[in-house]
Amino acid sequence: MADTTSDAEESSTAEPVAETYSSDELSVARTEAQEVTERILGLREAYYERDEVLVDDAEYDTLIRRLETLEHSFPELQSQDSPTQSVGGRVAALFDPVEHAERMLSLDNVFSIDEFSAWATKVYRDAGRTVDFLCELKIDGLAINLRYENGLLTSAATRGDGRVGEDVTENVLLIDSIPKQLLGSGHPPIVEVRGEVFIPVAAFRELNAEQTAAGEKVFANPRNAAAGSLRQKAEGKNADKLAAMNRRLSKLRMLVHGIGAWQNPPLSTQSATYGLLASWGLPTSTHFTVVPSAEEATAFIEYFGEHRDSVEHEIDGIVIKVDDLALHDELGATSRAPRWAIAFKYPPEQVNTRLVDIVVSVGRTGRATPYAVMEPVRVAGSVVRQATLHNQDVVKAKGVLIGDTIVLRKAGDVIPEVLGPVVELRDGTEREFVMPVVCPECGTELRAMKEGDIDMRCPNARSCPAQVRGRVEHVGSRGGLDIEALGEVSAAALTQPEVPETPPLVTEAGLFALTLDELLPIEVIVRDAESGLPKIESDGTERRRTPFRRNPSAAEKKEGLTGPQPSSAAHTLLDELEKAKTKPLWRMLVSLNIRHVGPVAARALADYFGSLDAIRAATQQELAAVDGVGPIIADSLIEWFTIDWHEDIVTEWAAAGVQFSTPGHPGPGAAAATEGPLTGLTVVATGSLDGYTREGAQEAIITAGGKAASSVSKKTDFVAAGPGAGSKLAKAEELGIRILDAAQFRILVEHGPAALPPPATQ
DNA sequence: CACCCTCGAGTTCA
DNA sequence: CTCGAGGGTG
């Protein structure tokens with residue numbers, strides 16, 4: 001990034017380009033330059049007047065550089081008021097400019113441990129000796145320069161372009177954590193102190209709640225909130241507004257991390273500087289450490305990469321500085337950044353990308369779900385190319401158009417979520433998403449199943465390929481019959497193979513009657529995971545795969561087996577289907593794909609009735625009498641049995657040997673609640689518990705007579721949490737629910753709560 | 001009528 | 001694992 005500035009400088013002093021372009025080319029370039037200029041001005045306006053950060057710095061720089069290139073190639077396009085004349089020049093019109101006594105440099109960035117190591121190697125080489133590194137958190141806030149004259153705070157300014165910033169003294173005077181007068185007496189007559197103004201995450205939430213209550217807009221993130229709060233103007237505000245403004249400013253905090261404009265300070269290390277700053281009464285971070293090697297700096301980076309949430313403010317990286325001040329002078333600086341420090345940037349949690357298309361997928365229930373197809377982009381540590389948009393109302397509410405640049409984040413650090421469009425970057429070619437009228441998989445007209453339903457569904461439940469595939473996959477899923485060999489790929493191969501023309505499974509009815517002979521001929525087309533397009537062989541044909549057969553091995557040929565042999569996947573699938581036939585009744589119920597009947601409702605029904613026949617014979621009232629089953633689920637069950645091809649599933653599965661009853665069940669009636677050590681208790685298991693699978697832990701709770709809930713609430717008695725536990729653990733802590741580790745969980749399910757050691761007191 | 005809970009779907013990772 | 005939607009319960 002340090003190169004950016006020098007490139008720009010070089011381009012302005014380089015030989016003028018020979019004027020060989022035509023007037024046509026010039027007018028094309030003029031149009032583009034105007035467009036780019038407008039975009040940049042739009043972004044600046046958003047940034048300065050509405051405190052909105054619409055694009056990241058890299059994208060902003062790209063626009064600036066494009067304009068520079070154009071102006072360089074076509075000198076006619078240069079002008080005094082071009083945005084390129086104030087590069088980095090995010091200097092505001094609203095605040096008075098302040099010149100810093102010493103240039104505020106920014107830091108070069110590295111984005112990986114490798115890049116960091118390369119930087120460290122260069123430092124070692126240039127230093128020619130061992131180096132201590134000071135590691136500190138890089139706060140995601142605003143860089144501020146405080147100027148103290150004779151110990152009194154006289155001015156506070158943003159960084160601006162590094163040389164000239166905006167005067168925000170009035171507002172900074174209202175931030176409590178910034179001393180207006182320095183303590184002690186050792187400070188020089190004029191000293192500049194650099195630091196970061198930010199809003200702690202908790203205060204940010206408070207602020208947004210207040211904004212909502214007051215009907216004002218909420219801030220997208222703490223950084224924006226800090227910037228917005230610091231850049232408020234008092235002028236023209238009435239008493240109420242002024243009070244609100246002061247309240248916002250009071251939430252801001254500052255931490256200082258450097259000194260500017262002080263010749264020959266009586267110090268030898270950066271860490272000693274922090275001690276001195278603290279002795280003057282300035283707030284310094286407690287999260288810093290000095291380490292003797294780059295390896296240990298790496299460990300610091302990795303530690304906080306995993307514990308970003310443990311800090312009260314948002315951090316976007318780690319700053320590593322050479323501790324020895326003498327070395328700072330030896331290493332020097334480029335025009336933009338010092339060589340003795342580097343910023344390690346963590347992967348951003350919010351990024352911009354292009355919305356290439358909005359496509360509709362159909363699930364096993366026939367629901368048509370629009371999802372965003374995006375330019376692949378790295379966010380929070382993984383590459384994302386798709387994100388669900390739920391339904392057409394959500395698409396509308398988010399206001400995104402196909403072709404938009406959009407803001408993307410990972411909700412809960414896992415699930416990609418489209419936040420909205422960057423309206424300023426539209427160029428007029430974007431188009432609105434229109435919900436298709438027909439099912440993208442089978443062409444049947446989509447419709448809302450109920451009055452006022454937002455969801456559109458494909459009514460062709462029996463033969464829509466997407467629905468059949470989805471249902472077959474659901475049978476094999478963990479909540480269903482848990483058939484390892486029957487996942488997404490097998491389900492597709494069985495229901496929509498390229499060969500044979502008629503698939504082995506037209507509906508799931510034939511699943512348990514599958515034979516090797518039916519599996520062998522199956523051929524599927526290999527598709528690219530990214531584009532979804534078939535992969536093409538060198539001879540121009542689509543690449544095919546035969547998941548259930550393979551060529552005979554040399555040994556088999558010797559024994560005279562010349563024809564294709566069944567693959568191990570084929571054997572596994574048939575074996576597992578055989579075993580599945582006698583699995584518990586509730587798994588069968590889940591596998592029938594009855595609306596609203598998931599593992600929980602299915603268990604309740606199976607325990608109560610003991611057989612599918614008993615369920616079929618029951619009236620709505622009888623079904624609804626089951627704990628956990630209400631009139632809607634009851635209706636859904638009755639409705640399900642009225643459809644012929646549903647009955648065919650039961651008939652054919654039964655004919656193939658599927659057991660639809662619980663052996664030894666006495667028949668319909670309230671099953672006696674399992675008596676055990678956990679009777680009456682609700683337990684939630686989360687994270688990986690040593691000695692238990694996710695399923696196993698649930699099973700253990702149920703066999704002990706307890707209720708295995710899936711989310712933590714007031715009614716939860718215990719939460720068993722292992723490593724990797726996420727929000728449920730946090731929720732449990734919030735509600736003050738006792739949290740158990742794997743060993744304690746084992747005691748609980750085997751011997752009951754009384755056997756637990758007394759809770760550790762905090 | 002509040003809650004609390006389950007269902008269903010999409011998504012990525014080890 | 002998280003969300004929205006919508007069902008179930010007190």
Side-chain angles (χ1 to χ4, degrees), chain A residues 347 358-374 376-395 397-398 408-419 448-458 466-467 469-471 473-474 477-480 488 529-530 586 589-590 593-605 623-637 682 684-688 693-694 698 707-716 721-731 735 737:
Chain A
I358 296 177
V359 185
V360 169
S361 75
V362 176
R364 80 181 157 97
T365 62
R367 193 166 100 180
T369 310
Y371 64 96
V373 178
M374 294 162 293
V377 66
R378 208 177 170 76
V379 52
S382 63
V383 174
V384 172
R385 34 178 66 87
Q386 288 180 11
T388 179
L389 291 167
H390 303 290
N391 59 50
Q392 67 267 50
D393 280 17
V394 172
V395 178
K398 297 208 188 260
L408 177 77
R409 72 156 179 182
K410 288 249 198 96
D413 244 26
V414 182
I415 309 295
E417 180 190 4
V418 173
L419 291 175
M449 289 287 142
K450 263 196 350 256
E451 190 91 8
D453 244 7
I454 294 165
D455 291 341
M456 300 295 279
R457 303 193 114 94
C458 166
Q467 296 187 55
R469 188 190 339 123
R471 288 200 304 267
E473 190 184 334
H474 185 63
S477 71
R478 251 213 306 234
E488 195 183 342
E530 224 170 280
W586 70 266
L589 286 172
V590 172
N593 284 290
I594 302 167
R595 286 268 266 148
H596 307 306
V597 179
V600 175
R603 268 195 154 102
L605 288 161
L623 291 168
V626 177
D627 192 24
V629 177
I632 308 279
I633 293 183
D635 283 342
S636 173
L637 283 156
T682 301
V684 172
T686 179
S688 53
T693 61
R694 199 172 290 271
Q698 304 230 319
K707 197 167 165 228
S710 58
S711 54
V712 179
S713 69
K714 283 192 296 207
K715 289 197 218 157
T716 312
S727 62
K728 288 180 201 170
L729 178 57
K731 184 84 183 280
L735 293 172
I737 294 165

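Hydrogens, waters and symmetry mates are skipped; everything else that's a heavy atom, side chains included, is used. Residue numbering restarts at 1 for every chain, and letters A, B, ... go by the order of the sequence lines. No experiment lies behind these values; they were computed from the predicted model shown.
Formation of a donor-acceptor pair under 3.5 Å by the A/Gln392 side chain with backbone atoms of A/Met456 is not found in this model.
In this structure, CD1 of A/Ile594 is placed 17 Å from P of C/dG7, rounded to the nearest angstrom. Spacing between atom CG of A/Leu623 and atom C1' of C/dG7 amounts to 16 Å, rounded to whole angstrom units. Across the protein-nucleic acid pair, A/His474 atom NE2 and B/dA9 atom C1' stand 12 Å apart, rounded to whole Å. In this structure, A/Arg603 atom CZ and B/dC5 atom P are separated by 17 Å, rounded to whole Å. Atom P of nucleotide C/dG4 and atom OH of A/Tyr371 are separated by 21 Å, given to the nearest angstrom. For A/Asn391 and C/dA5, the CG to P distance is 6 Å, given to the nearest whole Å. Remark: C1' of C/dG7 and CG of A/Leu637 are 14 Å apart, rounded to the nearest angstrom. Nucleotide C/dT2 holds its P atom 21 Å from the CD atom of A/Gln386, rounded to whole Å.
Contacts of A/His596 with the nucleic acid, taken as non-hydrogen atoms under 4.0 Å apart, involve only primed sugar atoms and P, OP1 or OP2.
Nearest to the side-chain atoms of A/Thr388 among the listed nucleotides B/dT12, C/dG8, B/dG10 stands B/dG10. The side chain of A/Ile632 approaches C/dG7 more closely than any other nucleotide in the set B/dC7, C/dG7, B/dG8. Which of B/dT11, B/dG10, C/dG8 sits closest to the side chain of A/Thr369 comes down to B/dG10. Distance from the side chain of A/Arg364 is smallest to B/dG8 among B/dG8, B/dT12, C/dG7.
The side chain of A/Arg367 contributes no N or O atom lying less than 4.0 Å from OP1 or OP2 of B/dG8. Of the side-chain N and O atoms in A/Ser361, none sit less than 4.0 angstrom from OP1 or OP2 of B/dA9.
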Practice item. Test A/Tyr371 against A/Val359 for side-chain contact (heavy atoms from CB on, under 4.5 Å), laying out the working first. Key: CA-CA 6 Å; A/Tyr371 64 96; A/Val359 185; 3.9 Å; yes

- Task: Would you please test A/Ile633 and A/Val626 for side-chain contact (heavy atoms from CB on, under 4.5 Å) and show each step?
- Result: CA-CA 10 Å; A/Ile633 293 183; A/Val626 177; over 6 Å; no

Checklist entry - Could you go step by step and tell me if A/Val597 and A/Val629 meet the side-chain contact (heavy atoms from CB on, under 4.5 Å) rule? => result CA-CA 9 Å; A/Val597 179; A/Val629 177; over 6 Å; no

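When each of A/Thr388, A/Asn391, A/Val360 is tested with A/Thr369 by the rule side-chain contact (heavy atoms from CB on, under 4.5 Å), just one qualifies, namely A/Thr388.
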